[in-house]
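The structure presented is a predicted model; accordingly, all values stated were derived computationally and were not measured.
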2 protein chains.
Amino acid sequence: MPKVSEEHRAEKRQQIIAATLRCVERDGFHKTTMAAVVKESGLSAGSVYTYFRSKNDIIHAIAQSGLTGVTAAINRLIPEEGSDMDAPPPEWAIEAATQHLLDLGTELGVDLPRIALQTWAEAARDPEIHAIMVPEARRIRDAWRNYAEKAIDAGQFRRGADPERIAMVLTGLLPGFILQRIMLGDVTPKIYAAGLADLLD
Amino acid sequence: MPKVSEEHRAEKRQQIIAATLRCVERDGFHKTTMAAVVKESGLSAGSVYTYFRSKNDIIHAIAQSGLTGVTAAINRLIPEEGSDMDAPPPEWAIEAATQHLLDLGTELGVDLPRIALQTWAEAARDPEIHAIMVPEARRIRDAWRNYAEKAIDAGQFRRGADPERIAMVLTGLLPGFILQRIMLGDVTPKIYAAGLADLLD
DNA sequence: AAAAAAAACGAATGTTCATTCTCTTTGAGA
DNA sequence: TCTCAAAGAGAATGAACATTCGTTTTTTTT
């Protein structure tokens, strides 16, 4: 084939990333071999290497896109952009966020919680990946703070409460949901949200 | 040396585990080479292999002890065993639990959050490690449920609230603390607890 | 329809690493 | 003090794996 269009190239890259995600869900980044990615993608070794310089390059691409896909949506989901509606109660927001995470995974055909966990573990040990992922983590926190500000205005929380601190707790609930889903498997968005409601009285 | 006492053997194993933990904190399980463990432990390759059958064997030992060490203590910390004192408010409990996690890490000379994250990632992809870690995860949840029951009695939460659900949320707050500590680095037990207090009104 | 340029292929390569093996040292028991 | 079984050492081994390379296929362009 001669030089191929930029869109086709992007599609192929996406196909390789999708194959890698399926491998990573099963085996984690380090036990995922390029041979497995090659097989899962249906391409050949040489071909994969015309789209990505290295395995590490694929991982970086995942670190960049993976979270963004999930959380840009959460971002939009939560804070009721410039509108006249009040911010929803936190249990509703948490249910929506966790549910969205699962739905997006279904849509992509992968178990997003598992992949997210592997990605975080990589970020914890590889400064480059950490650097790639921090901005998105910050964006999630900011989205929650944005929500918290509105929720304070709406009287959901004590007037004078610190929105950044509230955002820390709400941000923290997501990994907790993911981890318990992996370790104990019994948490659902609805139950988790109900638990938060119980906690809030 | 001739056959060595069982205690001495246990000490040596501990020494190797401690060395491995230092490596894992830096590099994760898969990028930690046996050469690094050997160097960090101050022993020789042959020697390490007289105390552990394999690298995997060391990892299993960590999965077994790692969490147990942390959380058995949390377990004791939270629920005010058979006493006449009321259960503390949840923000106090969360502050104590997260603070304990950091303190124990300091005591062991490692960053426990990082190691915990690596361990969870392993559990997510290796069924054997998962099986090793599930009972402890369950124990943490149970400890929180135990706390929740007492806290409901003490009027901290709505009478009729479901203690198991509340336990899910409280359990979930710990990984959230750990992950934000690694990704954003700005969370402390005090701030996190204050955030929870704000959330609770 | 021929040429050219890039993609696809998959066997070959070289490196990294866990584990083993042989040799040496050690110290508890006789 | 001497013996010997076990521990300690570290070089050697072999398997696994990412990446490359020489060749073949494809399809746009002329």
Side-chain angles (χ1 to χ4, degrees), chain A residues 1-63 118 121-122 125-126 128-129, chain B residues 1-63 118 121-122 125-126 128-129:
Chain A
M1 293 180 195
K3 193 174 180 60
V4 106
S5 74
E6 205 46 54
E7 308 95 74
H8 181 240
R9 209 182 151 72
E11 268 173 44
K12 269 287 164 65
R13 280 175 64 98
Q14 198 44 55
Q15 173 185 351
I16 292 166
I17 286 178
T20 308
L21 287 179
R22 268 173 268 132
C23 294
V24 168
E25 174 190 330
R26 227 185 308 113
D27 303 324
F29 284 107
H30 296 283
K31 287 277 183 181
T32 290
T33 66
M34 285 306 279
V37 170
V38 162
K39 190 174 179 187
E40 188 82 35
S41 69
L43 302 175
S44 67
S47 192
V48 167
Y49 276 88
T50 73
Y51 293 100
F52 289 97
R53 217 189 318 289
S54 65
K55 181 182 177 185
N56 218 18
D57 206 19
I58 302 180
I59 295 174
H60 283 201
I62 290 174
Q118 298 303 325
E122 276 307 280
R125 55 153 225 87
D126 180 335
E128 282 188 47
I129 294 183
Chain B
M1 293 176 192
K3 195 175 179 59
V4 105
S5 74
E6 205 46 54
E7 309 94 74
H8 181 240
R9 207 180 153 71
E11 268 173 42
K12 270 288 163 67
R13 280 176 63 97
Q14 198 45 56
Q15 173 186 349
I16 292 166
I17 286 177
T20 307
L21 287 179
R22 268 172 269 131
C23 295
V24 168
E25 174 189 332
R26 228 182 310 113
D27 303 324
F29 284 107
H30 297 281
K31 287 278 183 180
T32 289
T33 66
M34 286 304 282
V37 170
V38 162
K39 190 174 180 188
E40 187 82 36
S41 69
L43 301 175
S44 65
S47 192
V48 166
Y49 275 88
T50 73
Y51 293 100
F52 290 96
R53 216 188 322 290
S54 64
K55 182 183 176 184
N56 219 19
D57 206 19
I58 303 179
I59 295 174
H60 283 200
I62 289 174
Q118 297 303 326
E122 276 307 281
R125 53 153 227 89
D126 181 335
E128 281 189 47
I129 294 182

Measure from [atom1] on [X] to [atom2] on [N] and round the result to the nearest Å.
{"X": "B:F52", "N": "D:dG8", "atom1": "CZ", "atom2": "C1'", "value": "16 Å"}
{"X": "A:I16", "N": "C:dA8", "atom1": "CD1", "atom2": "P", "value": "8 Å"}
{"X": "A:K55", "N": "D:dC17", "atom1": "NZ", "atom2": "C1'", "value": "8 Å"}
{"X": "A:R53", "N": "D:dA18", "atom1": "CZ", "atom2": "P", "value": "18 Å"}
{"X": "A:Y49", "N": "D:dT23", "atom1": "OH", "atom2": "P", "value": "22 Å"}
{"X": "B:H30", "N": "D:dA18", "atom1": "NE2", "atom2": "C1'", "value": "17 Å"}
{"X": "A:F29", "N": "D:dC17", "atom1": "CZ", "atom2": "C1'", "value": "18 Å"}
{"X": "B:K31", "N": "C:dT16", "atom1": "NZ", "atom2": "P", "value": "11 Å"}

Is the shortest heavy-atom distance from the side chain of A:L43 to the side chain of A:K12 under 4.5 Å?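 A:L43 reaches A:K12 side chain to side chain.
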Got a second to check how far [X]'s [atom1] is from [Y]'s [atom2], nearest 0.5 Å?
{"X": "B:L21", "Y": "B:I62", "atom1": "CG", "atom2": "CD1", "result": "4.5 Å"}
{"X": "A:F29", "Y": "A:I129", "atom1": "CZ", "atom2": "CD1", "result": "6.5 Å"}
{"X": "A:R22", "Y": "A:T32", "atom1": "CZ", "atom2": "OG1", "result": "12.0 Å"}
{"X": "B:E122", "Y": "A:K31", "atom1": "CD", "atom2": "NZ", "result": "8.0 Å"}

Complementary nucleotide of D:dT1, counting Watson-Crick and G-U pairs under 3.5 Å: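 D:dT1 is paired with C:dA30.
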Between [options], which nucleotide has the shortest distance from any of its atoms to the side chain of [X]?
{"X": "A:T33", "options": "D:dA7, D:dT20, D:dA18", "value": "D:dA18"}
{"X": "B:M34", "options": "C:dA18, C:dG10, D:dG8", "value": "C:dA18"}
{"X": "B:A45", "options": "D:dT19, D:dG10, C:dA7", "value": "D:dG10"}

For B:T32, which contact category applies under a 4.0 Å heavy-atom criterion: base, sugar-phosphate, or nothing?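 Counting heavy atoms under 4.0 Å across all strands, the contact made by B:T32 is with sugar-phosphate only.
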Contact class for A:Y51 vs. all strands (heavy atom < 4.0 Å): base, sugar-phosphate, or nothing?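 Here A:Y51 touches the backbone only, sparing every base.
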On DNA chain D, compare the nucleotides closest to A:N56 and B:T50; which residue's is nearer the 5' end?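 Nearer the 5' end of the strand: B:T50.
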Ignoring backbone atoms, establish whether B:S44 has a side-chain N or O less than 4.0 Å from OP1 or OP2 of D:dG8.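 No, B:S44 has no side-chain N/O under 4.0 Å of OP1/OP2 on D:dG8.
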